[in-house]
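Notes follow the structure.
Everything numeric here is computed off the predicted structure, so don't read it as measured data. Whatever order the structure lists them in is the order used to number ligands and atoms, beginning at 1.
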Amino acid sequence: MSDSNLVSTSSDTEVATSEQFSDPGVPEHKLRLGDTDPKAAKRSERIVIALFGLSILGTIGMMAAYFGLPQDTSIAGVRIQNLTLGLGLGFALLGIGLGAIHWAKSLMSDHEVVEERHSVESSPEARAEAIQKLQDGVADAGVARRGVLKGAAISAVALFPLSFAVPLIGEIGADWNISKFRHTVWRRGVRLATDPTNRPIKASEVTIGSAYHVIPYAEDIDEEVRPGSHAWLDEKAKAIVLMVRMEPNELKEEDDRKDWSYEGIVAYSKVCTHVGCPVALYERQTHHLLCPCHQSTFDMADGAKVVFGPAKRPLPQLPITVDSEGYLVAQSDFTEPVGPSFWERLK
Ligand code: FES
């Protein structure tokens with residue numbers, strides 16, 4: 001290709017580009033209702049105040065629910081607490097968000113501003129001009145004139161952090177005694193029961209390949225920690241177990257644990273040793289148990305050892321046997337703390 005051809009092509013492209021992307025300019029400015037009608041502006045102001053007021057009520061409602069609702073640990077009680085706290089928090093955020101949007105769209109200046117492109121570093125004059133424009137914008141938005149609106153906005157934003165701070169402050173007097181992490185309600189003779197129906201399980205009904213979600217049978221544990229009691233959810237969270245049955249010859253058991261299973265039935269804590277999610281996805285062909293949170297995988301046929309993922313310890317095993325009626329029972333509590341590691345844990 002000759003040089004003259006190249007020059008000609010470049011020139012054509014410049015012409016085509018300048019025609020294709022000609023500056024459309026700033027569209028015609030349209031006045032809003034509030035720009036011409038003081039009553040409409042006042043109406044918008046009232047709406048913004050109402051929305052910030054909604055946020056304030058949401059924050060107050062959230063705190064009232066936090067302090068006012070009884071500490072009911074039943075499923076229904078926990079749901080009501082979560083619902084009221086969530087609604088309070090939701091309205092607190094929604095009010096601030098909608099109030100700010102409506103304020104900006106209906107009351108703040110919407111004049112188009114064109115700023116010519118210039119070097120990245122601003123000159124002192126440009127910075128002074130920017131500050132002046134900012135101050136003009138604040139004056140134009142009428143923040144100083146609209147005292148009630150300003151007060152509502154400041155109150156809503158100032159109160160909102162309480163939604164987070166109050167629950168944290170509430171933890172200051174909480175029970176930090178960690179000794180309870182070392183024990184669960186399992187002890188010798190407590191029957192294994194189905195979760196959540198609380199029905200004792202006979203060894204004869206557990207078929208090869210089946211998996212059961214297990215809790216301690218309510219009748220066999222102390223009354224103050226039974227289902228419906230204040231402490232039950234905490235105790236259940238520590239004591240939950242996954243029980244499976246496989247052919248006895250598929251089990252690889254340490255010598256000191258050979259009597260911890262019953263005819264191929266093994267029971268392990270369901271609390272993941274990584275950060276405590278419930279492990280519950282059992283694959284019967286491989287005997288692998290998967291934690292859905294970060295994919296730690298435990299081998300139920302080999303002491304629930306970790307075969308994959310971030311967990312560092314096997315799941316603790318619950319020693320089990322059967323009673324005189326054929327029901328599966330615990331031989332003792334777990335012999336080590338369940339769940340993730342913690343600072344004071346010794347092994
Ligand atoms: S909590 Fe189970 S893998 Fe992270």
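Near C291, meaning under 4.0 Å from one of its heavy atoms, ligand 1 places the atoms 1 (S), 2 (Fe), 3 (S). The V275 neighbourhood of ligand 1 comprises atoms 1 (S), 4 (Fe), with distances under 4.0 Å to a heavy atom of that residue.
Of the heavy atoms in C277, both backbone and side-chain atoms come closer than 4.0 Å to ligand 1.
The pair E205-R199 meets the salt-bridge criterion, with a side-chain N (NZ, NE, NH1 or NH2) lying under 4.0 Å from an Asp/Glu carboxylate O.
One of the N, O or S atoms belonging to C272 lies under 2.8 Å away from atom 2 (Fe) of ligand 1. Inclusion of H274 in the first shell of atom 4 (Fe) of ligand 1 is supported: an N, O or S atom falls under 2.8 Å.
Looking from atom 3 (S) of ligand 1 to the surrounding protein, the closest heavy atom is S296 OG, 3.1 Å.
If you look at H294 and ask which of its N, O or S atoms sits nearest atom 4 (Fe) of ligand 1, the answer is ND1.
Proximity of K236 to I240: side-chain heavy atoms (C-beta onward) are separated by under 4.5 Å at one or more points.
By the 6.0 Å contact criterion, CZ on R79 is open, its count of non-hydrogen atoms from other residues, nucleotides or ligands being 12 or less.
Note that CZ of F298 and CZ of R313 are 9.0 Å apart. Values are rounded to the nearest 0.5 Å. The CD atom of E45 sits 11.0 Å away from atom CD1 of I47, with the distance rounded to the nearest 0.5 Å.
No hydrogens or angles considered: a donor-acceptor pair under 3.5 Å links the side chains of Y282 and H287.
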